[in-house]
Amino acid sequence: MQLEKVYEPQRFEPHWAQWWIDAGVFHADVKSPAPVFSIVIPPPNVTGSLHIGHMLEHSEIDCTVRWHRMRGDNTLWLPGTDHAGISTEMMVVRQLAQEGTSRREIGREKFLERVWQWKEQYGDTIKRQMIRMGLSCDWSRERFTMDAGLSRAVREVFVRLWEKGLIYRGEYMVNWCPRCQTVLSDLEVKHEESQGHLWHIRYPVVGTDRYLVVATTRPETMLGDTAVAINPRDARYFDLHGKTVTLPLMNREIPIILDELADPKFGTGVVKITPAHDPNDFEAGKRHDLPKIKVIDENARMTKEAGRYADLDRFEARKRVVADLEQLGLIDKIEDYTVSLGRCERTKDIVEPLISTQWFVKIKPLAEVAIRVVDSGEIVFVPDNWTRVYHEWMDNIRDWCISRQLWWGHRIPAWHCQDCAEIIVARQDPATCSRCGGSRLEQDPDVLDTWFSSQLWPFSTLGWPDDTEDLRKFYPTSLLNTGFDILFFWVARMIMAGMEFMGSVPFRQVYIHALVRDADGQKMSKTRGNTIDPLVVTEKYGTDAVRMALLMAAAPGTDIALSEDRIESARAFANKIWNAARLIFMNMERSSVQPWVPEDLQAYRPEANQAMSVPVEDRWIFSRLNQVAEHVTRAIDQYRYHEAAQELWHFFWHEFCDWFLELKKLRLEPETGLTADWRNLLAAFEAALRLLHPVMPFLTEELWQRLVEGAAHRPKSIALARYPEYSQAWTDLPAEREIQVLQDIVTAARTLRAEMKLDPKAQLDGVLYSRSAALEVARAHAAAIQKLASVKLELRNDAAPQASAVIHSMPEFDLVLNVPRANVTEQRKRLEKEREQLDKNIANSTRQLGDETFLSRAPAHVVESIRTKMVEYETQLQKVRTALNGLSS
RNA sequence: GGGCGCGUAGCUCAGUUGGUUAGAGCGCCUGCUUCACACGCAGGAGGUCCACGGUUCGAGUCCGUGCGCGCCCACCA
C-alpha cells in the first residue's frame, strides 16, 4: 500500500463519492420527485461561478449528517430543490441573444427544449461536483419534468388555496423588470440609493392665476396624473379644494383632492397622483375613484396615452418632458436629491411600478399561523436573534405575487374560457368550461414564482400529496440548515406551507449559517469578479481542504471571508495527515503487521494499559483522543463547527504528529519496523480518522480503507463505523502530566540551543537539576530526550548552581547545557524579559492578595489560584535572578 | 426613517455564562535538503482588545455615549 508522496485528492475523491452512492452508504433513502440541485451553472460563454453560499451550507449539513450517522442516529438527507426560474431562464436567454435569436422568436416549446439541452450538457459536471461536495445527486430529465412529479404537488397546493379563497387574480401595482419581462415579488427588488433630482413643477389652477407646485423624482409619470392631492389640514391650500388644475403638456383638467397622503411638511405639501405608476398613488386612486392612465408599458416605453411622447424610452421621455416644461416656464426649481431606486435583483435594471393583472396569495391567514409556531417555540432559530428578523417581516407581510411571465417554471393550473371568460382551476387539465360548457379553453400563460414550489420541499420530497411511509417517518424534519438570505424567500414560506398542508411544523430547528464572502469581506458577485469558483478550488485543493477551510471559519454570527490562502493551508493539513499515514503504512509493510481494528476505544481502558505496562505516550494519546472526542461532539452538537475543526486540527497536527508519532518513531526497530506495541498506534490512528471523518470524509475514507484492508470484522465504510465517544474512565491524568513534563524538558533544551545559535546537529551534554518528579520523567525518557533535543542529560537531585551561563528554568526543573562559549546576549534578553513579566505578575498578585475587599468578595477558588500562582512566580523569579547573576559573573 | 451586526497581532478572524501571562491560521524574522511530510521541522518577534464614561474586588467580555464600517427592512412625492 504505497502512498504517493504528496496528497492528491483528485485521485480518490471521485472514486469514493461514487462508491458511497453505489454502496448505499450515503445516498438519500427517499425517492424525491423534486430535482435535487440548487446550484446555478452558467453556460460556457458567460463567466461566473456557482452559488458560493452553498459551499458552506453543504459542508455543514454533510458534516452534521455524517456525524449523526456515525453516532447511530436515524438521519435523512433531503436534496434541495431546483431554482426553476429567472436565473436559469436568463442564462439561456443570454445564450440565445449571443446567437442573435430572441426568446420570443423561438417560442415556449423550443425554448424549454433549449434549457434542457443546456442542463444536460452541464448536468454531468453539476452532478460530479455535487457528489464531491458531499451531496447526493440524482438528476435527470425524468425526475424534473415541469408537468409531472413535483408539479402534481404544486397543482394540489394551488387548487387547495384557490378553493379556500387564498389565491386571487387581480389588477395591482406590481414591480416590473423591463429586461426580464416579468413581474417581480417585493423581495426580488433591491433598493439602492443614488443621486437624482427632485423636479418642482407648476400646475396652473383653473380659473385663477395661481399655481400648485408639485415635486417629483420621475417627471415622465406626470403624463399619467389624474389628480393632485393636498392635506385636509393644510391651511395654505384649503381654499383650493374642489377646484381643478390643468395638467401641463397634456392639457387635461384634473381635480384637486384632499388626502392624508400629502405631507404638509414635505416639499410644497402638494402631491401629484399617478395611480398607474406608483403604489401610494394607486391606493389614493382607489380611495378617490380616480382613473388610472398607464403611460409606460412593459418595455419601459411610453404608451399612446402619453400623447406626443409615445414610443419614447422612459428616460428619454423624462428629458423631453423636463425640457418642454422648462420652455413653458413651468419648472419651479430643480433640486439635487438622493433617491432610493428599486432595481431588479438580477439585471440591476430600474424596476418600473406598473398596473398589471397577476395572481396573488392572500398571505395574512397563513402568516398568522406561522408566527404562532415560532412564538410558541415549536420552531427555534439558531442563533435566536433571527427570531426577531422573522417577526419583523411576518408582521408586515404583504400579499405574495406568485405569477411570473417566464417559461421555465411550473405552469399555473388555470384555464381561461374563451367563450364566457370563466377561470377554471383544476387538478386535471379540463376539456370543457365548467360554466358554459365551451371547449375553447386556454391555459394561463404564466408560470409560478420558483419559491411557490420550493416552499413545498419538506413534504413534496417525501411523496406528498400521497400518504407515504417516508412522509410519516420523516416529517417533520429536525433541522433546517440555511443562510439568512433566504429566510423570507424560503424558510418562512416553508413554515406557512407546512402548517397549511401538513398541519404541523416542517422542522424544529432552523440553523442560520453565515455567508461566504471573498477575502476582503465583499459579497461575491460575478460583476465584481471576486468569486471563488467551487469547481475550480475543489479540483485544485480537494474537497476536504475546502470543507476544512470553510468549517474552520464557520463561527456563527459573522460572515466568512474566504481566500485561497485558507484553503491552501487546509490542504497542508490534509497533506500532513496523508504523510502521517505514509509513515505508518511504510512501517506496517516493513514489519508485516496485520491490519487490525479494535472493536472500539473501549479496548483501551487506562487500567488495562497500566496493567499491560503500556508506554506512557500511548496512554497519553488515548486520554487526549477521549478529550477531543468530547469537545468535538459538543461543538458539532451546538453548531460550533469552527471549534470542532480547530480542535481536530490542533490535535492531529500538534499532538498526534508532532509528539506522538515522533515518540513512536524512536521505538522503531531498524530492521523490522513496527514492534508489538504499534497496535496501540494503529488503534489511535484509526480512532483519530473516525474523529475527523465528518469534516474530511474523503481523505479519512481513503486512509481508513487502506488501514483496515483485510481486517476480519469491520464496517464497509468509515462512514458506518462508530464515532468515538467520551468516557471519563479513559481520561489518564498521570499520563498527561508526564508527557507535559517531557515536552517541557525537550522544549527547554531546544530553546536554549536556538538561543545559543548552536549547531543543530551537534550532540550536547547537559544537566537536569530537579527535586521533583521531573527527575523520574527525564530518567524514563532519557532516550527520547536525547533524540528529540539532541541532548544527553545528567540528572541531579539538587538545585541549580549559582553560576550557569546556559540555563533554562522551569518551575519543575532547571536545565543546563554544557557548552564552552555561551552566547550570553540572547539568553540575557530572554531572562530579562521573563523577569519583567514575573515582576509585573507578582506586583499584581501582591496587590490583590492585600486587598481586603477582593479577599472577602472573590470566590475562594479564585483567591486560592492566585495564592498558588504567587508561589510559583516567586520561585521562578528566584531562578531567573540566579541565572542572571550567573551570566554576569 | 426603523432594525441588526461588527471594530482584538501586518492581514483574516476565535475568545461559551466577567476571574488575572488574550489565542489560531496566513504573513514576517532566525536556523534546518534529519530516512512521513519544504503543502515540512525547530525556535522567535508582534496586541494601550476603536475612544471616553459607568457597574464590579476584578471588564476584551456587562451598561451608556461618541467615532468608524457593514448589512437587512421600509410606498414618503
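To find a chain, count down the sequence lines: A is the first, B the second, and so on, and within it residues start at 1.
When heavy atoms are screened at a 4.0 angstrom cut-off, V214(A) is found touching no nucleic acid atom at all. Heavy atoms of D281(A) sit nowhere under 4.0 angstrom from any nucleic acid atom. P859(A) comes within 4.0 angstrom of a nucleotide base, judged by non-hydrogen atoms across all strands. The residue K5(A) sits close only to the backbone: its heavy atoms come under 4.0 Å of sugar-phosphate atoms, none of a base. Nucleic acid contact for S865(A): none, since no nucleic acid atom lies under 4.0 Å from a heavy atom of the residue. Contact annotation for Q848(A): base contact, defined as any heavy-atom pair under 4.0 Å involving a base atom. Contact annotation for K190(A): backbone-only contact, meaning every heavy-atom pair under 4.0 Å involves sugar-phosphate atoms and none involves a base. Heavy atoms of L198(A) sit nowhere under 4.0 angstrom from any nucleic acid atom. R830(A) comes within 4.0 angstrom of nothing in the nucleic acid, heavy atoms only. If you check every strand for non-hydrogen atoms under 4.0 Å, R750(A) touches sugar and phosphate atoms only. As judged by a 4.0 angstrom heavy-atom cut-off over every strand, A262(A) is placed among the base-contacting residues. Across all strands, R388(A) comes closer than 4.0 Å only to sugar-phosphate atoms, never to a base (heavy-atom distances).
Following rounding to the nearest Å, F488(A) (CZ) and C71(B) (C1') show an atom-to-atom distance of 12 Å. Separating the CZ atom of R582(A) from the P atom of C39(B) is a distance of 14 Å, rounded to the nearest angstrom. Atom CZ in R847(A) sits roughly 9 Å away from atom P in G58(B) (whole-Å rounding).
With a cut-off of 3.5 Å on both Watson-Crick or G-U wobble distances, the partner of C73(B) is given as G1(B). The base-pairing partner of G60(B), taking Watson-Crick or G-U wobble contacts with both distances under 3.5 Å, does not exist among the strands shown. Checking U12(B) for Watson-Crick or G-U wobble geometry (two distances, each under 3.5 Å) identifies A24(B) as its partner. Summarising the base pairing, A42(B) is matched to U30(B) through a Watson-Crick or G-U wobble pair whose two defining distances lie under 3.5 Å. Partner assigned to G68(B) is C6(B), using Watson-Crick or G-U wobble distances below 3.5 angstrom.
Side-chain polar atoms of H200(A) and E335(A) form a donor-acceptor pair below 3.5 angstrom. In summary, the side chains of E834(A) and Q876(A) do present a donor paired with an acceptor at a separation below 3.5 Å, with no hydrogens or angles considered. With 3.5 Å as the limit, one finds no donor-acceptor pair spanning the side chains of N844(A) and Q848(A). At a cut-off of 3.5 Å, with distance as the only test, no side-chain donor of Y211(A) or D332(A) sits close to an acceptor on the other residue.
Proximity note for D263(A) (side chain, C-beta onward) versus G15(B), A45(B), C76(B): the nearest is C76(B). Checked against A74(B), G19(B), C39(B), the side chain of R571(A) finds its nearest nucleotide in C39(B). Looking at the side chain of T751(A), the nearest of the listed nucleotides A42(B), A36(B), G43(B) is G43(B).
The pair E662(A)-K665(A) meets the salt-bridge criterion, with a side-chain N (NZ, NE, NH1 or NH2) lying under 4.0 Å from an Asp/Glu carboxylate O.
Centroid-to-centroid, the aromatic rings of F381(A) and Y390(A) come within less than 6.0 Å.
A distance of about 14 Å separates the P atoms of U65(B) and G5(B), rounded to the whole Å. Nucleotides U55(B) and A45(B) are separated by 38 Å at their C1' atoms, to the nearest Å.
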How would you summarise protein contacts on nucleotides 21-34 of chain B per nucleotide, using B for base, S for sugar-phosphate only and - for none, with heavy-atom distances below 4.0 Å? B---SS------S-
